[in-house]
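Written below as structure tokens is the structure these notes are about.
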Amino acid sequence: MTYSLIAKDADGSIGVIVASKFFACGAVVPFVSGTVAVASQAFCNPVWGTEGRARMMAGEAAQDVLDDLAARDAGRAIRQAHMMDAQGAFAAYTGAECVDWAGHIIGDAHSVAGNMLAGARVIKATSDAYLANQALPFAERLIAAMVAGEAAGGDKRGRQAAGLVIHRGEAHPWLDLRADDHADPLAELARLWDVAQERYVHFAKGMPSTKQFSGNPTRDGIDADIKAAEARRVAQGRPSRSYAQELEQ
């Protein structure tokens with residue numbers, strides 16, 4: 001009922017993006033940390049995500065973890081998962097009873113898996129588009145790849161939800177966007193990413209990290225970056241796509 005993409009960017013960022021004709025798929029499929037990622041889908045077993053993430057963070061190989069999870073799960077035939085370990089190696093599993101079409105692709109720095117799809121062309125189009133759009137910012141590249149998969153047929157039941165999570169070396173996400181119940185969820189993710197350029201990405205520059213516990217608590221440079229981004233948007237004649245409402249004074 002889902003297709004998803006796990007990728008590691010050249011700068012070390014790790015992302016998972018998912019789309020489905022299933023409510024809030026972005027809440028139940030991705031399990032990401034600063035070094036590893038799991039997408040657990042079909043008849044999702046979230047423990048594959050939580051345990052898999054923890055074990056790979058501790059140094060276990062993706063294939064070993066995935067083999068063990070499948071061997072222990074009596075519901076393995078209806079599970080699907082793919083994952084990336086701390087060494088950047090990928091592994092994928094598609095249960096024999098996942099609803100057709102179901103399967104996966106593993107690349108050098110990304111993997112795609114899906115079930116209940118219009119056909120194998122969906123994950124191939126997703127994978128090909130990810131590889132073809134290396135010049136795009138990582139988030140846009142992930143979204144563009146999924147849009148290509150949707151254009152190739154996507155979830156054969158339709159569309160409802162999507163989610164995008166990116167970590168930049170930390171246990172907490174750098175970006176976590178979701179469209180839980182939407183007529184065009186991937187387009188909504190693209191809108192949210194556009195809105196993030198107005199304030200969020202600039203604020204995130206001062207976000208604390210394990211190496212810099214206090215981050216930037218003074219807002220030095222943050223407000224100036226927000227103001228500059230606003231000036232560029234206005235100069236380009238682009239209206240804000242945000243739904244935010246100012247409080248009337």
Side-chain angles (χ1 to χ4, degrees), residues 2 4-5 7 9 11 13-34 37 39 46 49 133 136-147 150 154-155 158-249:
T2 303
S4 60
L5 165 63
D9 195 25
D11 69 359
S13 298
I14 296 171
V16 177
I17 185 168
V18 56
S20 181
K21 173 62 172 66
F22 185 81
F23 178 76
C25 62
V28 296
V29 171
F31 298 84
V32 192
S33 78
N133 286 292
L136 290 177
F138 189 41
E140 293 179 28
R141 187 180 179 190
L142 293 170
I143 294 170
M146 296 294 283
V147 169
E150 183 174 83
D155 187 321
R159 55 193 184 186
Q160 182 176 11
L164 169 62
V165 182
I166 295 175
H167 283 237
R168 288 185 167 179
E170 298 294 329
H172 60 267
W174 171 74
L175 183 75
D176 189 349
L177 304 179
R178 283 176 30 198
D180 288 342
D181 185 31
H182 199 279
D184 194 349
L186 289 173
E188 176 64 0
L189 287 190
R191 184 191 71 82
L192 291 170
W193 170 248
D194 190 44
V195 173
Q197 310 314 301
E198 296 182 12
R199 300 186 67 87
Y200 178 83
V201 297
H202 310 292
F203 173 81
K205 295 172 186 175
M207 193 175 295
S209 66
T210 51
K211 290 183 178 179
Q212 191 173 355
F213 181 73
S214 299
N216 180 2
T218 66
R219 298 186 65 93
D220 287 347
I222 295 174
D223 290 331
D225 287 347
I226 292 172
K227 185 176 180 180
E230 174 72 5
R232 284 193 300 271
R233 182 182 62 76
V234 172
Q236 294 166 1
R238 295 187 296 107
S240 173
R241 299 178 68 191
S242 174
Y243 296 150
Q245 295 292 315
E246 298 291 338
L247 182 65
E248 295 184 7
Q249 300 295 326

Considering non-hydrogen atoms only, spot the tightest contact between [X] and [Y] and give its length.
X	Y	value
Leu189	Ala179	CD2-N, 4.0 Å
Leu5	Ala145	CD2-CB, 3.8 Å
Ala37	Ile14	CB-CG2, 3.7 Å
Ile226	His202	CG1-CB, 3.8 Å
Ala39	Val16	CB-CG1, 4.4 Å
Val18	Pro30	CG1-CG, 4.3 Å

Measure the spacing between [atom1] of [X] and [atom2] of [Y] and express it to the nearest 0.5 Å.
X	Y	atom1	atom2	value
Ile17	Met146	CD1	CE	5.5 Å
Leu164	Trp193	CG	CH2	8.0 Å
Leu175	His167	CG	NE2	10.0 Å
Ser242	Glu198	OG	CD	5.5 Å
Ile166	Asp9	CD1	CG	8.0 Å

Taking only residues two or more places apart in sequence or in another chain, which ones pass salt bridge (Lys or Arg N to Asp or Glu O under 4.0 Å) with Lys227?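 Lys227 satisfies salt bridge (Lys or Arg N to Asp or Glu O under 4.0 Å) with no residue once adjacent residues are dropped.
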For Arg232, check salt bridge (Lys or Arg N to Asp or Glu O under 4.0 Å) against everything at least two apart and list the hits.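 So Arg232 forms no salt bridge (Lys or Arg N to Asp or Glu O under 4.0 Å) with any residue.
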Using side-chain hydrogen bond (donor to acceptor under 3.5 Å, both in side chains) as the criterion, list what pairs up with [X], not counting sequence neighbours.
X	value
Arg191	Glu188
Asn133	none
Trp174	none
Arg233	Glu230

Does any pair with a residue in residues 208-220 pass salt bridge (Lys or Arg N to Asp or Glu O under 4.0 Å), and if so which ones, sequence neighbours excluded?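 Non-adjacent pairs meeting salt bridge (Lys or Arg N to Asp or Glu O under 4.0 Å): Arg219-Asp223.
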Listing request: all salt bridge (Lys or Arg N to Asp or Glu O under 4.0 Å) pairs with a residue in residues 175-186, at least two apart in sequence or in separate chains.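 Listed once each, the pairs are Arg159-Asp184, Arg178-Asp180.
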For [X], enumerate each residue passing the side-chain contact (heavy atoms from CB on, under 4.5 Å) test, keeping only those at least two apart in sequence or located in another chain.
X	result
Pro208	none
Ala161	Cys25
Val147	Ile143, Leu186

So for atom CZ, which belongs to Phe203, do other residues, nucleotides or ligands contribute more than 12 heavy atoms lying within a distance under 6.0 Å?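 Atom CZ in Phe203 is not packed in, count stays at 12 or less.
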